[in-house]
Structures are given as C-alpha cells and as structure tokens.
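Keep in mind that this is a model prediction, so the values were computed, not measured.
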Amino acid sequence: MVTREEMEKQEQYTEMIRSLPHKPRSYYVVTYGCQMNAHDSEKIAGMLDDMGMEAADVREEADFVIFNTCCVRENAERRALGNVTWLKEVRKNKPEMIIAVCGCMIQEPGMAEKILKQYRFVDLAFGTANLHKLPELLYETLNSREQCVRVEEADLIAEGLPVHRLRQDAAYLTIMYGCDNFCSYCIVPYVRGRERSRDVSVILHEAENLVQSGVKEIMLLGQNVNSYGKGLPGNPSFASLLKQLDGIGIPRIRFMTSHPKDLNDELIEVMAGGKHILPQFHLPVQSGNDEILKKMNRHYTREQYLNRVRKLREAIPDIGLSTDIIVSFPGETEEQFQDTMSLVREVRYDSAFTFIYSPRTGTKAAKMEGLIPDEVSTERIQRLIALQENLQQETLKRFIGMQEEVLVEGLSRRSKLAVSGKGRHAVSVTMDGTEADIGRILSCRITGVKNNTLMGERI
C-alpha cells in the first residue's frame, strides 16, 4: 500500500503545479488496451483536473498529451509508438506541447532505455507503478525541461486517486492488481506485477459512493478476479465480495476477467442467486487442445473448461458467454487448431475476441520453437472468425421474443430516433429512443438480430 505520507506529497506537487505560471492549460489522454488501462486513464485525467487543466477536444490542440499504452500484443505497441512519433511533427507548430508516454509498454524490460535513446522528443515516461506519482514527475519535467523517465517495480496499491469518469451512468471499480498465473504467452505479470487485492471495506465504500452519485452499472476489474483475496486478512473470496456488493443495491454488476481454473461452485451459486449480478461471463479459453493449453501454462484441460461451462448454464440457463482465443500458438498443428474450432461449435459463444499469437519478449513462449507462418495464421483466424460469426447469428436468435433491459449508452449511428446500449447479457441492443434516454435503463422486446446486434422494440 502506498503510504499516506507519499499521497500527501503528491497532493503538494499538485498544488505546486496549479500555481505555476507556465503550466499546461489543457490535456488529452490517448488510451490503448484493456479496461484496466481505460480506468488508469480516468485516474490520470482526474489528477490533471486537480492540477487545474482542462480536457481538450483534439489532441493536436492540447498543451499536454499523454499516451497510456498497452503491450499485450505487438500491434498495440507498434500503433502507440507510431502515434507518438507522429505527434513529434505536430509539435513543430506547437513547441510548448509536452508529450508523455506511460502504462504497460513502459514497464517492459528495456523500454525505458529505448525511450531515452530513440525517442528523445518524449518529455516524460513512466510505468504502471508510477501512476500515482504523476504530479511529482510532471513538476520535475516542467521545471527542468529535461527528459524524465521513471520505472519501478509494480508491487503497491495507491488509494484515493481522483477519477475523471468518461460516463456518469457506468463506472469501473478495480478490486485487484497484477497476476500470478504466468501464462507462457503473457507479459502482464511482468508489467503489472504480482497479485495485490484491495481491502473489502475500501471496495464496498467506493461502490456505495458510486451508487450515491447515480451510477447504474459497475464493472469490477482485475487481471483474474476469481483469485481475489489472496493475502488479505481472512482470505475473503471473490464470491463473498460479489455477494456483499450485490447487497448494496447497485442496479447492475459486471466483472472481468476470470481464469477458468479459479471458477468455483461458490461463485456460480452467488451469481445464480444474485439480484443485481448480470447473467454474463467472460471466460477466456485460449485454445481447445490440451497439449496447447499445457504449453500455454493454463492449468486446466478442455474437459475441465467444458465442465465449468456446463455448470454455469445449469445454474443460469440464459447466461451470456464470451471468450478469448489465440490461434497459431508456437507448434500448433492443423489438428490442434481444429480442436479449438470444435470447442467453439460446442460452446456457442455470444461473442469471442480472437487473436493471432504475438511473441512478447520476456515470456516463455517467445523462446519456443515452431512459429507458424503468417499466411497460415491469417488463414486460420479467418476461418475461426467466419465460424464464430455464423454461430453468433444463430446463438443470438434465442433472445428474439424475450424482454431485455438495456442501459442506453448513446444514439444509434444510423438514426437519431434510435439508441443503443448493452443488455443484461452484454450484447449490444438497438431500439427506438432519443438523446434524452442516454444513461437510462429501458425495457424492450427483442425483435431480431442484425450482425452482432439485437434489434429491440421499446416497451
């Protein structure tokens, strides 16, 4: 836990920046990656608000631009660095602009040195462990105008950071940080650190404040929420935390992400009996082949995974299931890939996030032999996507005729007389409505399926 003295120190730096005559007046945060990164960006924006800055509508017009990066896949890293380099040209017409890069990518081994040598135009760079020190680091940058790069080991929790939420009707609530699983392909434990769970009382207090502020849906976040509680007094389980949160009266509760090996009967029972826990579960499978799962260090078999799916559907018959799948893991044969295809046919997911394996330096898989040629990987993922899209169309038809509750997120892109949002099962729904409905929970009757969206008629 970051000490109160340290947090007070950062508050002092915040006040010092507010009083600077040459401070940036506006900021723009660019976010890459997962919901954890999105919530980190909300904290960054909250701290910058406290420093007296205002959010800019366009990044080119901001005085301070900060890129919150992801490194889980190579494409995200390449895209982030490309956009940072592009901003170097923009700054030629705006020399006072400050450019910062933070997040998981900076936490990678060797990345700090790379920033120092190859990206000299970056004014400030810091890792995930230094997020709470943004006021101090920015103050140093503003006063020295020299490159400031800080990367420390991620092993602490900083409480009490301000948050600038992007939505007033829905909010993220982090319950734990880091990961202890060390899947052979994954860089997360190296850049986010080992598992650290927040105290139950702190989480409940934050949830109560969110409800009082008008939030209708809370998304609980963690790299593996199922293993919440390790190291805390009394070893509280995720299921027990979820049950207490359900009792607060939050209209809608979601969570992600879950590891199949830690999905137990207690959690399924709490979900089935919950009043506000939505019937949706994101359960990454990654592969349908036992040998590949073992090489991935996933700690479950195909049959054990399918058993968890059966348990979920027995307890919550209409549950919505989504997943993550990696194709072309080192050494994967066509037969092993077909095992993944057959698992997708058997489970019939509402949605699936599919990826071609991306080597990450520092992981065990990066040293494995048997890399799959690009043309084979591309052809495989195209087949998988086509299969999932066809199955998804059939799977979503089960909602036709049902009544669904939708938290409206915005106007439909196709009509100002229609709105869209997420239903209870985390599937997008489009129905008749106006801008005045944004942020409300509305009931509708599902009338059809269009692509991956449900079409509804308002009740």
Next item on the list: Taking the side chain as every heavy atom from C-beta outward, state whether Ile175 and Phe255 have any pair of such atoms under 4.5 Å apart.
Entry: no
Next item on the list: Dump the intermediate steps for side chain to side chain donor-acceptor pair (under 3.5 Å) on Gln338 and Glu334, then the final yes or no.
Entry: CA-CA 6 Å; Gln338 285 298 331; Glu334 174 63 22; 2.9 Å; yes
Notebook entry, point to check: Which atom pair, heavy atoms only, marks the closest approach of Arg313 to Val347?
Noted result: NH1-O, 2.8 Å
Next item on the list: Answer yes or no: are there more than 12 heavy-atom neighbours, outside Lys243 itself, under 6.0 Å from its atom NZ?
Entry: no
Notebook entry, point to check: side chain to side chain contact (heavy atoms under 4.5 Å, CB included) between Leu267 and Phe238: does it pass, once the steps are laid out?
Noted result: CA-CA 7 Å; Leu267 177 55; Phe238 176 55; 3.8 Å; yes
Note to self: Quick check: closest heavy atoms across Gln280 and Ala426, and the distance to 0.1 Å?
What the structure shows: CG-CB, 3.3 Å
Next item on the list: Go through Tyr172 and Arg165 one step at a time and tell me if the side chain to side chain contact (heavy atoms under 4.5 Å, CB included) criterion holds.
Entry: CA-CA 9 Å; Tyr172 295 121; Arg165 297 206 317 271; over 6 Å; no
Checklist line | Verdict with supporting geometry, Glu61 and Arg59, salt bridge (charged side-chain N to carboxylate O under 4.0 Å, His left out) | finding: CA-CA 5 Å; Glu61 297 176 357; Arg59 74 177 76 172; over 6 Å; no
Next item on the list: Answer whether the closest heavy-atom distance between the side chains of Tyr177 and Glu195 falls below 4.5 Å.
Entry: no
Checklist line | Sidechain N-carboxylate O distance under 4.0 Å for Glu314, Arg310 | finding: no
Checklist line | Side-chain heavy-atom pair Thr340, Ile292 within 4.5 angstrom cut-off | finding: no
Margin query: Within the 4.5 Å heavy-atom criterion, are Glu206 and Arg198 side-chain neighbours or not?
Written below: yes
Next item on the list: Take Glu332 and Arg380 through the salt bridge (charged side-chain N to carboxylate O under 4.0 Å, His left out) test and state the conclusion after the steps.
Entry: CA-CA 11 Å; Glu332 182 186 66; Arg380 283 181 183 173; 2.9 Å; yes
Margin query: Using the rule given for side chain to side chain contact (heavy atoms under 4.5 Å, CB included), can you reason through Leu124 versus Val101, listing the C-alpha separation, both sets of side-chain angles and the distance that settles it, and then say yes or no?
Written below: CA-CA 6 Å; Leu124 170 61; Val101 185; over 6 Å; no
Check: Quick one: CG on Leu20 to CE on Met51, what's the gap to the nearest 0.5 Å?
Finding: 11.0 Å
Note to self: Could you go through Glu266 and Lys311, starting from their C-alpha distance and side-chain angles, then the distance that decides it, and tell me whether this counts as salt bridge (charged side-chain N to carboxylate O under 4.0 Å, His left out)?
What the structure shows: CA-CA 11 Å; Glu266 181 193 12; Lys311 286 271 190 178; over 6 Å; no
Margin query: Could you check whether atom NZ of Lys88 has more than 12 heavy atoms from other residues, nucleotides or ligands sitting under 6.0 Å from it?
Written below: no
Note to self: Using side chain to side chain donor-acceptor pair (under 3.5 Å), reason through Asn226 and Ser258 one step at a time and then give a plain yes or no.
What the structure shows: CA-CA 6 Å; Asn226 293 358; Ser258 295; 3.0 Å; yes
Item checked: Side chains of Ser351 and Gln392 in contact at under 4.5 Å (non-hydrogen atoms) -> yes
Check: For the residue pair Met271 and Leu278, what are the closest heavy atoms and their distance?
Finding: CE-O, 3.8 Å
Item checked: Phe64 ring center near Tyr28 ring center (under 6.0 Å) -> no
Check: Which atom pair, heavy atoms only, marks the closest approach of Val429 to Gly456?
Finding: CG1-N, 4.4 Å
Next item on the list: Just jot down the ring pair (Phe, Tyr, Trp, His ring centres under 6.0 Å) partners of Tyr190, sequence neighbours excluded, or say none.
Entry: Phe182
Note to self: Are the side chains of Tyr32 and Asn83 in contact, using a 4.5 Å heavy-atom criterion?
What the structure shows: yes
Check: Below 4.0 angstrom, N of the basic side chain to O of the carboxylate: do Arg254 and Glu217 qualify?
Finding: yes
Margin query: Surrounding CD of Glu269 (heavy atoms of other residues, nucleotides or ligands, distance under 6.0 Å), is the total greater than 12?
Written below: no
Note to self: Quick one, Ser322 with His282, criterion side chain to side chain donor-acceptor pair (under 3.5 Å). Give me CA distance, side-chain angles, the key distance, then yes/no.
What the structure shows: CA-CA 5 Å; Ser322 57; His282 186 70; 2.8 Å; yes
Note to self: Any salt bridge linking Arg308 with Asp265? Criterion: basic side-chain nitrogen under 4.0 Å from a carboxylate oxygen.
What the structure shows: yes
Item checked: Member of Arg298, Met296, Gln286 meeting the side-chain contact (heavy atoms from CB on, under 4.5 Å) criterion with Cys183 -> Arg298
Check: Hey, is CD on Glu457 packed in by over 12 heavy atoms from elsewhere, all under 6.0 Å?
Finding: no
Checklist line | Exceeds 12 heavy-atom contacts within 6.0 angstrom, atom CD of Glu375 | finding: yes
Check: Between Asn224 and Ser227, is a side chain to side chain donor-acceptor pair (under 3.5 Å) present by the stated rule, with each step listed?
Finding: CA-CA 6 Å; Asn224 176 21; Ser227 62; 3.2 Å; yes
Checklist line | Side chain to side chain, Thr128 and Val191, heavy atoms closer than 4.5 Å | finding: no
Check: Do you know which two heavy atoms are closest between Ser377 and Ile356, and how far apart they sit?
Finding: CB-CG2, 3.7 Å
Item checked: Test salt bridge (charged side-chain N to carboxylate O under 4.0 Å, His left out) applied to Lys422 and Glu405, step by step -> CA-CA 8 Å; Lys422 287 288 195 301; Glu405 292 181 350; over 6 Å; no
Check: So does Lys216 have more than 12 non-hydrogen atoms from other groups sitting under 6.0 Å from NZ?
Finding: yes
Notebook entry, point to check: Any side-chain heavy-atom pair from Arg192 and Cys179 closer than 4.5 angstrom?
Noted result: no
Checklist line | CG on Asp169 to CZ on Arg252, rounded to 0.5 Å | finding: 9.5 Å
Note to self: Can you confirm whether Glu54 is buried at CD, in the sense that more than 12 heavy atoms of other residues, nucleotides or ligands lie under 6.0 Å from that atom?
What the structure shows: no
Notebook entry, point to check: Can you check side chain to side chain contact (heavy atoms under 4.5 Å, CB included) on Val285 and Asp324, steps first, answer last?
Noted result: CA-CA 6 Å; Val285 66; Asp324 295 337; over 6 Å; no
Margin query: On a heavy-atom basis, which atom in Leu343 and which in Gly288 lie closest, and how many Å separate them?
Written below: CD1-CA, 4.0 Å
Notebook entry, point to check: How many angstroms lie between atom NE2 of His39 and atom OG1 of Thr174, to the nearest 0.5 angstrom?
Noted result: 4.0 Å
Item checked: Ser26 side chain vs Asp63 backbone, donor-acceptor pair below 3.5 Å -> yes
